[in-house]
**Q** 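The following block contains the structure, expressed as structure tokens.
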Amino acid sequence: MAGNGVFAEILDGEVFKYYADGEWKKSSSGKSVAIINPTTRKTQYKVQACSQEEVNKVMDSAKSAQKLWAKTPLWKRAELLHKAAAILKEHKAPIAESLVKEIAKPAKDAVTEVVRSGDLVSYCAEEGVRILGEGKFLVSDSFPGNERTKYCLTSKIPLGVILAIPPFNYPVNLAVSKIAPALIAGNSIVLKPPTQGAVSALHMVHCFHLAGFPKGLINCVTGKGSEIGDFLTMHPGVNCISFTGGDTGIAISKKAGMIPLQMELGGKDACIVLEDADLDLVAGNIIKGGFSYSGQRCTAVKVVLVMESVADALVEKVKAKVAKLSVGAPENDCDITPVVSESSANFIEGLVMDAKEKGATFCQEYKREGNLIWPLLLDNVRPDMRIAWEEPFGPVLPLIRINSIEEGIHHCNASNFGLQGCVFTKDINKAIMIGDAMETGTVQINSAPARGPDHFPFQGIKDSGIGSQGITNSINMMTKIKTTVINLPSPSYTMG
Ligand code: G3P
């Protein structure tokens, strides 16, 4: 159970502690933040409301710890990461339980998230020793006017303190996707988990603690965004921010100083369906892509753009599959579980009501109980409806009927988002042409959008983000190039 066994030391009474300088601590603020269970809508857990003063101390210890960590051999950093990965997987049950309770993730998916995270940490350790173990060697005489009098050696060096801010939907996986690359590259970490998801993240951090990482290298502060959010993101001690979430990221990027940013801020992933598509394959992917974790994924299918001639047939197939989705509690491993908060449910409902007023066809009856919203496919959606453009982050999927490929591409590219998209057709040439025309970071051919496998590059354009993630790209992003030039008194040519 959460906060028990090896995790007992992270809990003080009914409030989970924060982690700084290698210790679990109570905040001197004496305040806590409640985490509401999306299913029961009652307080499930409480975490410390850290103060700005505590953030300052964390930044100091992260800075000192990083200096020593950068001198730790690469193989040793990797060894500790492998150890943390094993501990994380060993304790998947209590972490998964927290995911079920605080973000209503279906039970099996919660376990998958933890296991996937352990695998990500191990892969990162392996990839890190390879890509950080080599640099470049350049000679000067390839540039006009130079003799071979200079040897240039390049290597990758850490940035310093990385501020990691993951979102509620993957509080463990999207935390380790920032922590592991940062650590293997010789950086230290300050993690600010989302409030909804903080307890799962604190358990994950304890696995790193148990692995024996040096004091101060990994820190995790919890609290109200209004009190420590800007303070953290604008803190002079931060050397890089890796953020996944909503449009708060746009505000962060405007306020952050001259530091590297890695941002993933959501998407409105389009699914373009051509006349020759395998409609059973499409329907299966719409269900998986649009409704898994109740649509609360940045990479969810968020708008279907289907050719009119096959639209009726596709809608019937999707309707049949929607009818089979189980709806209920995450503990029962239902397909559709309550969305993360009441405000999120209200927002989704607002989009549904707008579509209703403007004449969308409801393929199912709209039904909501508390934060639980039944899966809904909206047919005949038009561009004047909010849901054609906005991200519901819920189990509601709009379908727009199109009469040409150009119309589909136009809708996809008119979005302010550009994370992923997908195209279904048996004609690979058309798929490539459409994929190239779609202004998104990734295009999936004949499958729903997805970030994984976790070593694939993952990036959005426009308001969907800055930079690229995926294990190799994140390691590279969290380093700088350092060059050393050896100047020779006279030209020297090998075998010359
Ligand atoms: O919403 C976060 C985004 O990274 C999605 O990940 O694995 O569900 O495609 P995934």
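Throughout, numbering of the chain's residues begins at 1 and tracks the sequence. If you're wondering where the values come from, they're calculated on a predicted model, not measured in any experiment. Counting starts at 1 for both ligands and their atoms, following the listed order.
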**Q** Does the pair E391/K268 count as a salt bridge with the N-to-O cut at 4.0 Å?
**A** no

**Q** For R116, state whether at least one heavy atom is located under 4.0 Å from any atom of ligand 1.
**A** yes

**Q** Enumerate the atoms of ligand 1 whose separation from the nearest heavy atom of R451 is less than 4.0 angstrom.
**A** 3 (C), 4 (O), 5 (C), 6 (O), 7 (O), 9 (O), 10 (P)

**Q** Compute the minimum heavy-atom distance from L174 to ligand 1 and say whether it is under 4.0 Å.
**A** yes

**Q** Got a salt bridge between D119 and K89, using NZ or NE/NH1/NH2 to carboxylate O under 4.0 Å?
**A** yes

**Q** Taking only Lys NZ, Arg NE, NH1 and NH2, and the carboxylate oxygens of Asp or Glu, determine whether K319 and E316 approach each other closer than 4.0 Å.
**A** yes

**Q** Measure the distances from the heavy atoms of F458 to every atom of ligand 1 and state whether one is below 4.0 angstrom.
**A** yes

**Q** Does E264 approach ligand 1 within less than 4.0 angstrom via side chain, backbone, both or neither, non-hydrogen atoms only?
**A** side chain

**Q** Identify, by atom number and element, the atoms of ligand 1 in contact range of A450, meaning under 4.0 Å from any of its heavy atoms.
**A** 9 (O)

**Q** Hey, is ligand 1 close enough to T244 that some N/O pair sits below 3.5 Å?
**A** no

**Q** Is there a polar contact, in the sense of an N or O pair closer than 3.5 Å, between N169 and ligand 1?
**A** yes

**Q** Any salt bridge linking R401 with D379? Criterion: basic side-chain nitrogen under 4.0 Å from a carboxylate oxygen.
**A** yes

**Q** Which protein heavy atom lies closest to atom 8 (O) of ligand 1, and at what distance to 0.1 Å?
**A** Y170 OH, 2.5 Å

**Q** Tell me which part of Y293 gets within contact of ligand 1: side chain, backbone, both or neither, using heavy atoms under 4.0 Å.
**A** neither

**Q** Under 4.5 Å between any side-chain heavy atoms of L376 and L397, yes or no?
**A** no

**Q** Is K426 atom NZ crowded by more than 12 heavy atoms from other residues, nucleotides or ligands, each under 6.0 Å away?
**A** yes

**Q** Just checking, K83 and F208: is the charged tip under 6.0 Å from the six-membered ring centre and within 45° of the axis?
**A** no

**Q** Please report which non-hydrogen protein atom sits nearest to atom 2 (C) of ligand 1, along with the residue it belongs to and the distance in Å to one decimal place.
**A** C298 SG, 3.3 Å

**Q** Would H235 and F231 count as a close aromatic pair, with their ring centres under 6.0 Å?
**A** yes

**Q** Which residue supplies the protein heavy atom nearest to atom 5 (C) of ligand 1, what is that atom called, and how far is it?
**A** T299 OG1, 3.2 Å

